[in-house]
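Bear in mind the structure is a predicted one, so any value in this text is a computation, not a measurement. So that the names make sense, note that chain A is the first sequence line, chain B the second, and so on, each numbered from 1. Only heavy atoms go into these numbers, but all of them, side chains included; no hydrogens, no water, no symmetry mates.
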Amino acid sequence: MIRVQTEPFDVGAEIGAFCRAGGSSGGSTGGSVGASIGGVATFVGLVRDHRGDTSEDAVPLQALTLEHYPGMTERQLERIEAEARRRWDLRDVLVIHRYGRMEPEEPIVLVCTAAAHRGPALQSCQFLIDWLKTRAPFWKCEETPDGAHWVEARDTDEAATARWEESLP
Amino acid sequence: MIRVQTEPFDVGAEIGAFCRAGGSSGGSTGGSVGASIGGVATFVGLVRDHRGDTSEDAVPLQALTLEHYPGMTERQLERIEAEARRRWDLRDVLVIHRYGRMEPEEPIVLVCTAAAHRGPALQSCQFLIDWLKTRAPFWKCEETPDGAHWVEARDTDEAATARWEESLP
Amino acid sequence: MKVLYFAWLRDRVGTGEETIERPADVATVGDLMAWLAGRSEGHARAFADPALVRCAVDQDFAGLDAALDGAAEVAFFPPVTGG
Amino acid sequence: MKVLYFAWLRDRVGTGEETIERPADVATVGDLMAWLAGRSEGHARAFADPALVRCAVDQDFAGLDAALDGAAEVAFFPPVTGG
């Protein structure tokens with residue numbers, strides 16, 4: 001499932017519900033083989049309190065605003081989910097991505113994947129976050145004491161996605 | 001942090017607290033660079049409701065009992081955590097591993113890692129679960145309608161750990 | 001045809017959306033970028049370095065050579081930075 | 001010296017813990033396995049296939065060649081299956 005929203009979300013409550021829903025939906029298929037979940041992998045992206053990674057270039061971050069392309073965002077995220085389900089045998093997928101203004105420590109994105117074993121759960125979680133970093137139409141604007149700055153795309157993100165194009169699951 | 005316990009734990013509450021603690025501990029270091037968390041990766045291992053992966057060999061699972069080696073378990077898990085922190089720049093690590101009897105859908109193990117960026121968080125989470133599968137002294141015994149069966153170690157788990165020995169972070 | 005701008009392209013153009021009449025000789029995304037760049041100083045600055053600009057035609061990523069026949073909505077934006 | 005057994009080794013031996021007086025010529029983990037196998041039918045079944053048995057000396061994994069000098073606690077168990 002894909003959710004694109006401005007509202008903050010409760011990371012613990014979402015993951016807890018995801019684990020329970022997976023379990024019960026597994027049960028509701030009447031004990032069919034493989035309905036049950038052995039592993040859930042999740043990734044949470046949070047707003048950091050600074051930009052830059054070293055003491056020299058660090059600047060405090062007051063807030064982050066995410067702009068997105070309504071319509072295309074949902075479409076791309078649904079495709080990314082479908083691609084993950086095509087590559088791995090997944091019991092359930094949840095992606096929540098926020099847009100709008102958010103402050104340090106607030107969650108930006110949540111990816112959850114459930115599978116019979118840990119391999120598919122962990123790999124598909126990494127795949128989903130790598131892909132949405134380069135395929136979902138969001139743009140980050142950082143508020144710092146110097147003013148607002150659009151974040152530049154990182155080559156390493158593009159490389160992380162490219163990796164998945166070479167190697168099928 | 002390492003916790004070895006028989007009591008069930010609330011996956012959502014643990015992960016929610018982990019995300020919040022990471023954030024606030026980041027803040028409490030007085031704004032030092034890199035104190036803040038950009039990514040949290042987690043893995044939850046759950047008791048499945050059957051053993052076997054295909055219709056042919058599937059047997060319903062009534063319960064799972066984990067035996068462990070008290071003392072050595074904590075020691076090994078602490079080493080595994082230290083090794084992860086040596087390989088990656090992690091802000092926080094939590095591993096909870098249960099022992100004793102548990103029923104389908106109950107959580108067995110939780111691994112959480114927090115880092116400035118998604119790469120170290122996701123990689124170290126995978127590393128921790130791979131390593132504890134082959135280095136932490138736990139043994140699973142499955143209760144099925146046929147009786148109790150000790151689970152055999154999987155070659156794929158050994159291979160997953162060996163992978164980390166070849167490639168430094 | 002509707003043209004959308006996001007992030008710093010929107011800032012430079014000065015609007016997030018405009019409706020244009022596409023001239024017959026503007027056949028591809030690349031043609032459209034060149035044509036739009038001539039509409040105002042802001043447009044010119046937005047498209048000053050085409051290598052920094054990405055495009056979607058009817059909400060699918062599209063390259064410079066993509067044809068605009070039948071397109072209802074074209075969007076220009078920098079490389080995405082979500083997640 | 002304390003000897004511990006876990007999982008199906010415990011089931012076969014019939015106890016999870018025993019205290020032994022190690023003979024002088026039992027110098028390594030491998031020696032100890034061979035010597036323990038002679039203690040009872042259950043012990044013999046536990047150590048019937050040494051390739052299936054793993055060992056820890058004073059709570060650290062140890063191979064067949066590991067020396068037992070100074071060891072206070074030796075544990076035998078199948079390959080681990082946690083996580």
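The greatest number of non-hydrogen atom pairs below 4.5 Å with chain A, out of I108(B), V11(B), I129(B), is found for I129(B). Of the residues considered (T42(B), L61(B), V111(B), I15(B)), T42(B) shows the highest number of contacts with chain A, using heavy-atom pairs under 4.5 Å. Among G39(A), G16(A), G38(A), the residue with the largest count of heavy-atom pairs under 4.5 Å with chain B is G38(A).
The side-chain hydrogen bond (donor to acceptor under 3.5 Å, both in side chains) check on R118(A) picks up D130(B), D157(B), with sequence neighbours excluded. The side-chain hydrogen bond (donor to acceptor under 3.5 Å, both in side chains) test applied to R101(B) returns E103(B), E143(B), not counting sequence neighbours.
Here the CD atom belonging to E105(A) is positioned 7.5 Å from the OG atom belonging to S36(B), to the nearest 0.5 angstrom. Between the NE2 atom of H117(B) and the CZ atom of R154(A) there is a distance of 5.5 Å, given to the nearest 0.5 Å. The CD atom of Q126(A) sits 10.0 Å away from the SG atom of C125(B) when rounded to the nearest 0.5 Å.
Annotation: E152(B), atom CD; neighbour count of heavy atoms from other residues, nucleotides and ligands within 6.0 Å does not exceed 12. Around CG of D155(A), the count of heavy atoms belonging to other residues, nucleotides or ligands within 6.0 Å does not exceed 12.
By the 4.5 Å heavy-atom criterion applied to side chains, L122(B) and F43(A) are counted as neighbours.
The two atoms that bring I37(B) and L46(A) nearest to each other are O-CB, 3.5 Å, heavy atoms only.
Contact of V109(B) with chain A is not made at all, since no heavy-atom distance falls under 4.5 Å.
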